[in-house]
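Structure first, commentary second.
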Amino acid sequence: MKKILKDFSRNQKEVVPILHRVQTEYGYIPPESLPEIAEHLKISESEIYGILTFYKAFSLVPRGKNIVTVCMGTACHVRGGPQILDEMERDLEIKSGRTTADGNFTLESVNCLGCCAIGPVVVVNGKYYSHISVQKVGKLLKEYKST
Amino acid sequence: MKITINGKSISVEGKRTILEVARENGIKIPSLCDHGKLEHFAGCRMCIVDITGRKGYPPSCSTYVEDGMEVKTNTPELRRMRKQILELLLSEHPHSCLICEEKENCDEYKSTIRKVSEVTGCVLCPNNGRCELQKVVEDLKIDRVSFPSLYRGFDILKNDPFMDRNYNLCILCGRCVRMCHEIRGASVISFTYRGSKAVIGTSMDKTLLESGCQFCGACLDVCPTGALMERAAKYENEPENSERTVCSLCSMGCTLEVSLSEGRIYSTKPYEEGLVNRGQACVRGRFLVRDIVHAENRISKPMIRKNGTLEEVDWQEALDFVSGNLKKYKGDSCGLVVPSQASCEDHYLFSRFGQEALKTSNIGNPADLNLQACFEDYIREKNLKFDFNFNIKDISNADTIFILADDLAVTHPMVWLEVLAAHRKGARLVLIGSSPSAGERFAVLSLKPKAGTELPLLQGILDVVFEKFQKQETAEGAQKSMEGPGLDQCEKITTLKKEDCLKAAGFFNGKGRKIFLVDGSIPFLPSNREILSVLWNLSLLDGTQMIVLDGFTNSLGSLLIYRNSGTKIRGYAAVLEDALEGKLKALYLSGPFPLIPGEDLEFLVVQDCYHSAWLEKADAVLPAVTLFERKGVLVNTEGRAQKTNPSAAISGEGKPDWWIVSQIAGKMGAKGFEYKSPSPIMEELSRRRAVFKDLTYKNLAKKAAFFLKSKTGEQQRYDPSGMDFSTEEQDRDFPLRLVFQAVPDSCRGFPLDRISKSLSLIRDSRDIRLSKKDAGKLKLKDGEKVRVESPAGSFQGSLRISEKQPAGLVRAYLSLMEDFDSSLLKTFMTYSREKASLRTLPIRIKRGK
Ligand code: SF4
Ligand code: SF4
Ligand code: SF4
Ligand code: SF4
Ligand code: FES
Ligand code: FES
């Protein structure tokens, strides 16, 4: 942490760049780093917390190697989004928003990815999978389990 | 410039918003997020208006008027839009009651069902009837909500002292966040998450307590909904009436509004127009007054000891008993201890009672141990010209502020808010001293010398400042006498970097308005007398205004009464010393005093508000009342005189101090004690003491602000004082250093954490604060009972591990209460006499029982 902070001035505008750096360095924002960032920038911890929870890019829990995002927008929702998420949770043995113990997967949901026509949509590491069904979940995840 | 609002032509001056101008002219625009004292937020869109020639509907709360503007505030289109916006907002707020057709008839039935914690409508909401949101809904005549409703289902947060938070009721107006950030400088709460998950919260959802909240209640007082509630007042019936009074719980003198319900205090709130506080308060004034007045351990009836036990008697019997017995003791064998937290009238009569009835010079006031006493001694002895008075508003206009103090946010909350206001306007803050404080986040420079080396540091700075002035040959008569340790030695002694000392000196030499705030922590520092002289010289050299703050209610007023009484008064330390040496035969205790064995005491009177261990030894107990239950004049730390008003019914049979002592003095045969009310006492005082000239009830009512005539010596010269560079030896048996602080929260010296459990969670007068590092070394845990041992004596308390506490240093509160080892206390009394011999005390910490 000390080393990271050394690269940044004490200007309060540095808060987002610092968070980005911490996120890339650790894969998430360790809660213990908040007091140190606060001390460095002379702002309060809650101000930092407010900023980091505002951006989806930051996470307070470690993120897995593979990020699985299930769409829960209206269109995908009516076509079975929730069931797909359920199946994912069962398969990976984690709740949505969490990371597996081996650090391989992080499961997330999102509201509409803007491609409703091909829904239900699942995105893994930025790659879009269209017309997913509960049956296809196992096969899809398997692809990433070996890597 | 001229504008028109709804066809009405209005002339406006300065930079004003449309909303402000409309309000001043009686034109109502609904608003929710706007608040006069806070920056504009423009979040709720309730206040939208129509401006001819402008596209869209700008919010009037953040749109400034321009010449020729034509504004409409109430078109059908605006009304329609506002309704829609509000309906959308209400879709996430329990609104069944708001749109219920039966709501007028509902009132009579609702009184008991409010005690549920989940709020599904106004009838179940503690804010019902005093809610801004409710009023806006009413004004806009909302009778339906045409969006699907959503209950956000947040847990209700009840784990903090004093306040509950129910964010299901929050409308995200951001007032609390802005208040906490802008005015209080605490930034405990923020907007977190966004979109439909947005909620006000702390870092990592910690409790407010864990997040450094001051519990000032300011967020609560600006919340337009029931989201933030004072727990104790939550389910009480609506208050019937309210009284305005001056808070007597510290030396600020805030104006409070005390609301009453069935003779009991319902709640206290800061008064918006208060001269000192302008709508702000601190945890004491905001949350503790009710507990102080209605405490369970109040002494309610006079008692005298009969056959070994205290028995309740009526006032006449008690007064006869006390006066009859006191007559037996003459002169200095009788000691009188007064509470510094009493009115000027009380102090004047206490001084006359001591001198004319008890005929003793052994009168002790805890304020004798304060900085103002210390400093008054100093300038009096040297005949220096100094003005104790200042105006709190001037602080916010400073360009540089030096602070040598404990945490001002705790000890002098209103001064701290002014410092923050100055900081917002760009002032630089320089902190000097080892005490952890809220100021650190705001300081350009924070000098933390090794504990006990404040003097060499200040001398080092003075050296540098002086050198520059000498070159300019402006510092006449400031010769060699001011030579300090030199920066190299300063660096060595204080363990600070030379550059930092130079930088601090640079700020002193800098331009603009400079203020040096010093507080009651100085008397607890080694060589405090020399520190005062260095400060004096510094302020004289570069024109920095020195402001001497003190911690107790009315300590300045009381000091000036005793010190100008014309006869010798020996003071608190002397009374304690005589008591310890067994020289006192009778003791009249009306103020805090450490419990001593007192075997030689033949007669002991306790005149106080709360039960303490002293009652076990007392021969007579006389119930006094707090300053919230009576009239009295208080002088605050600025030198401003203000009157308190009885804001609660007197608890039990208690009486004001002036009444009790005048009765006893009269019965003892002293003349001129026939008072029926405090106002003639004040008149007499204003005639007898020059500093109090013209300070009468009449004049106080007439004048908006009344300041004492601060009268001091004549001279404005440098004071060549003895220099002291000795450093303290490390003692292997006692490796830690102890620094005392005065208890910040007390009523007549009685620590308030013993009255309020909630306060004791925030800070407890028995806390012994230790750094994490030292605690680790000693394998001690937070909250553990520990014993502090020193060569002079020992005392107990519970450990509080603090990240901010520097290693090697231990901080404890010096409470003049029973569980303090009086022999230890004696070593701390010495500073108020000729030679400052106080040192930070070498100690060790052991695990307690
Ligand atoms: S906050 Fe106001 S509007 Fe909301 S439920 Fe409570 S009283 Fe009603
Ligand atoms: S009580 Fe005061 S310090 Fe605490 S959150 Fe509210 S405004 Fe901030
Ligand atoms: S808690 Fe109250 S003041 Fe704070 S944002 Fe919510 S409604 Fe506004
Ligand atoms: S204790 Fe002091 S700062 Fe707090 S409300 Fe009372 S006078 Fe004001
Ligand atoms: S609802 Fe899934 S992509 Fe739009
Ligand atoms: S009051 Fe103007 S936007 Fe809220």
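Here the structure is a predicted model, which is why all the values come from computation and not from measurement. First the proteins, then the strands, lettered A, B, ... as listed; each starts at 1.
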Over 12 foreign heavy atoms within 6.0 Å of NZ, K425(B):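 Check passes, neighbour count above 12.
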
Crowded around N159(B) CG? As in, over 12 foreign heavy atoms under 6.0 Å?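 Atom CG in N159(B) is not crowded, with 12 or fewer foreign heavy atoms closer than 6.0 Å.
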
Where along [range] does a heavy atom come under 4.5 Å of chain B, listed by residue number?
| range | answer |
| --- | --- |
| residues 39-61 of chain A | K42(A), I43(A), S44(A), E45(A), S46(A), E47(A), Y49(A), G50(A), T53(A), F54(A), K56(A), L60(A) |
| residues 5-27 of chain A | none |
| residues 94-102 of chain A | none |
| residues 78-90 of chain A | none |

Is chain A contacted by the side chain of [X], its backbone, both, or neither, given a heavy-atom distance below 4.5 Å?
| X | result |
| --- | --- |
| F191(B) | backbone |
| A186(B) | backbone |
| E440(B) | backbone |
| K206(B) | side chain |

Greatest number of heavy atom pairs closer than 4.5 Å to chain A - which of V177(B), V188(B), I200(B):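 With the most close heavy-atom pairs to chain A, the winner is V188(B).
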
